[in-house]
Every structure is written in structure tokens, then in C-alpha cells.
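Reviewing the structure listed below.
Chain letters run A, B, ... following the sequence lines, proteins first and then strands; every chain starts at 1. Just so you know, these numbers come straight off a predicted model, no measurement behind them. Keep in mind that the numbers below use all heavy atoms, side chains included, and drop hydrogens, waters and symmetry copies.
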Amino acid sequence: MPEGHTIHRLSRDLMRAFGRRPVLASTLQDRFAAGAAQLNGSTLTRTDAHGKHLFLFFRAARPVDRLVHIHLGLYGKFPIASAPPPEPGGALRLRLQNQDNWADLRGPTACELITPEQRDTILARLGPDPLRPDADPAPAWARISRSKMPIGALLMSQDVLSGIGNVYRAEVLFRAGIDPHRPGREVDHDEWMGMWDDLCTLLRSGVRAGRIVTTRPEDRPRRGRPRREDSFYVYRRTGEPCRICGTEIRTETMATRNLFWCPTCQAT
DNA sequence: GCTAAATGTTGAT
DNA sequence: TCAACCTTTAGCT
């Protein structure tokens, strides 16, 4: 689930479900017992997403304000649903609950109480996030245009730009017709701005739909309901024919993840 | 019932 | 380059 679109959607939905009123917080794990106890009964005042990082602001009845940092990592989940909640079970890191809604956080890489200063430190390490209205692509271009690293690795670097994961990197490079192995310094400015604009569009659409779909309508079967297996051009389609040219989709490891690309459509 | 894989990141070698 | 961490699920036997 978790690329930037998931986190921004979660930020919005958590605020809708729990914002501006006291929330019950609980956990089944010792490691977050103290944290959940501190949050319990406090009011969720603001939620904020930067790239794949989610911040929840709580106002406690008394002393200090609370700030929770959540990173879902590779397989974290935080589903929200209407009351009544099921009996808590499994590896439940954090349950938020009020009269109307509940949400269970499982498997996150990070779920911790932090200070505003620690949040600043995290934000300082992140490149521009295409989902933030104020995002400026210039600093990312400054990095890319000077780098020998392959563009397929640069797009995954959260300190170059943030919120992009393995699906969006593979798909945006396919849509741009760019070989993932090409060094960043050999990408021209128009190509970069084309990818940036495309990422803005694709991520926004991902937030809206709650899932990633990167195939253009004309490249999907037109009849019947949209199918999951028609959502991507190359991601997880190793050995299958390219939707455009029929060449077998290839895979290899790049930036510690499986990279997928079409050697014909993305020849240079 | 077991294993591998997954839309991620960090830190050691 | 590799291992570690977090958890669930799909695909085997």
C-alpha cells in the first residue's frame, strides 16, 4: 500500500474520522504501551503528510503537546472503519477509537512520540513532495542534473524528492520513455519537468482512488470493469509483453528494489 | 503448515 | 552488498 498517495490519504481520513475531539488510544504491544497511554483521551488537532511520513498532532489535557510520527514502511497498514471495532487482536501497535470510528495500525516501521524539533530534522532530510501544493521541483532538479546515479535510483531517493516508491518510479519512467539506467545528469530539463508534472497528476489520482493506476485509458481493455492487472505498464509484469510494443518486460535490482522496464519503449 | 514476497529504510561490513 | 526490522498474505505442500 504505502507510497506517498497512501500517506496523504491517510492523513486526510484520520483527521475526518478523529479530528477535533478526544480519542481513545490503546495498544497490544509493550513497546508502545507508554505512548498509547500518553495519547489516550487527548484531542487530535492536526494531521500532516510529507512524502511517506505521517505526523499526528494531539493536544493533551495538560502539560505538553504530543506529536506522533508514523512511517508505514514496506507493509504497514492503518485501516479506518466505522464503529463498532472488532475485538483487538494480533500485532496491534495502535488503535484509535471514538464513538463513530476506529483505526488499527499494524506493522509500521515507525510509530513514536517525537518533539517538534525531531519533526524538523525529519523534514530537513526530505526532498520536495509532489503532493504538497507548495512543492518546488527545482532542488530535486539540482540534484538530478549533477548526478551520475541512474535516474531509477534518484527517483527513489527520499532526499531528492519524497513520496515516490517502487511502483511510481517504474511507471513514471515508462510513461516518459526513459531508460531507468540513464544517469541523472543525462536527463534533460524538459524530460524532468515532464516526469515531475506526471508524478503530481499520478499521485493526486492515487490519493483520490486509494490505489495506483498508471495505464492510460486507451492502453487498457475498454470493456468490462477495470481490472487490477490492467493498472500498470511494467510493475510486476516481468516476462509479460509490453502493452505498447509487445517486448518482454525485464526486471533487475536497482536501489535495493525490483526494477521493471521495457527495453524497447525505454531504450534510452 | 511452511516459505517467500510485498507499494521501505537503516546501519553494519 | 547484505542483513535486520516490522506483519500479513499468497502460493505452495
Task: Salt-bridge criterion met for A:D159 and A:R125 (N-O under 4.0 Å) - done: no
TODO: Please state the P separation for the pair B:dT10 and C:dT8 - nearest whole angstrom.
DONE: 23 Å
- [ ] Look at A:N258 and B:dA6 and indicate whether a side-chain polar atom (N or O) is within less than 4.0 Å of OP1 or OP2.
- [x] yes
Open item on the list: Check the phosphate of B:dT7 against A:Y235, side-chain N and O only, distance under 4.0 Å to OP1 or OP2. Yes or no?
Closed with: yes
TODO: With sequence neighbours excluded, tell me which residues meet salt bridge (charged side-chain N to carboxylate O under 4.0 Å, His left out) with A:R257.
DONE: none
TODO: Could you label the plane-to-plane angle of the A:W192 and A:W141 rings as parallel, tilted or perpendicular, counting under 30° as parallel and over 60° as perpendicular?
DONE: parallel
- [ ] From the options B:dT9, B:dT7, C:dT7, select the nucleotide whose nearest atom is closest to the side chain of A:R106.
- [x] C:dT7
- [ ] Under 4.0 Å between any heavy atoms, over every strand shown, what does A:E171 touch: base, sugar-phosphate, or nothing? Just pick one.
- [x] nothing
Task: N/O (side chain, A:R93) to phosphate O (OP1/OP2, C:dC5) under 4.0 Å - done: no
- [ ] May I have the distance from A:L126 (atom CG) to B:dT9 (atom C1'), rounded to whole angstrom?
- [x] 12 Å
- [ ] Check the distance between B:dT7's P and A:R236's CZ and give it to me in whole angstrom.
- [x] 6 Å
TODO: Specify the separation, in whole Å, of atom CZ of A:R228 and atom C1' of B:dA6.
DONE: 13 Å
Open item on the list: Under 4.0 Å between a side-chain nitrogen and a carboxylate oxygen: does that hold for A:D219 and A:R243?
Closed with: no
Open item on the list: Taking the P atom in each of C:dC5 and B:dT13, what is the distance between them to the nearest angstrom?
Closed with: 14 Å
- [ ] Apply the test side chain to side chain donor-acceptor pair (under 3.5 Å) to residues A:H69 and A:R119: give CA-CA distance (whole Å), side-chain angles for both, the deciding distance (0.1 Å), then the verdict.
- [x] CA-CA 8 Å; A:H69 171 228; A:R119 175 171 173 272; over 6 Å; no
Open item on the list: Is there a side-chain contact between A:H71 and the phosphate of B:dT9, meaning an N or O under 4.0 Å from OP1 or OP2?
Closed with: yes
TODO: Please state how far atom CE in A:M254 lies from atom C1' in B:dT9, giving the value in whole angstrom units.
DONE: 18 Å
- [ ] Identify whether any heavy atom of A:R211 sits under 4.0 Å from a base atom; if not, whether one sits that close to sugar-phosphate; answer base, sugar-phosphate or nothing.
- [x] nothing
- [ ] Take atom CG of A:L74 and atom P of C:dT7, then tell me their distance rounded to the nearest Å.
- [x] 13 Å
- [ ] Pick the P atom in C:dG11 and in B:dT7, then give their distance to the nearest Å.
- [x] 15 Å
TODO: Check whether any side-chain nitrogen or oxygen of A:Q158 sits under 4.0 Å from OP1 or OP2 of B:dT10, and answer yes or no.
DONE: no
Open item on the list: Distance check needed: C:dT8 P versus A:K77 NZ, whole Å only.
Closed with: 9 Å
Open item on the list: Rounded to whole Å, how long is the line connecting atom CZ of A:F78 with atom C1' of B:dT7?
Closed with: 18 Å
TODO: Would you mind telling me which of B:dT9, C:dT7, B:dT7 lies closest to the side-chain atoms of A:T256?
DONE: B:dT9
Task: Rounded distance in Å - CG (A:L72) to P (C:dT7) - done: 13 Å
Open item on the list: Counting only side-chain nitrogens and oxygens, does A:K52 get under 4.0 Å of the OP1 or OP2 atom of B:dT9?
Closed with: yes
Open item on the list: Any non-hydrogen side-chain atom of A:S82 less than 4.5 Å from a side-chain atom of A:D100?
Closed with: no
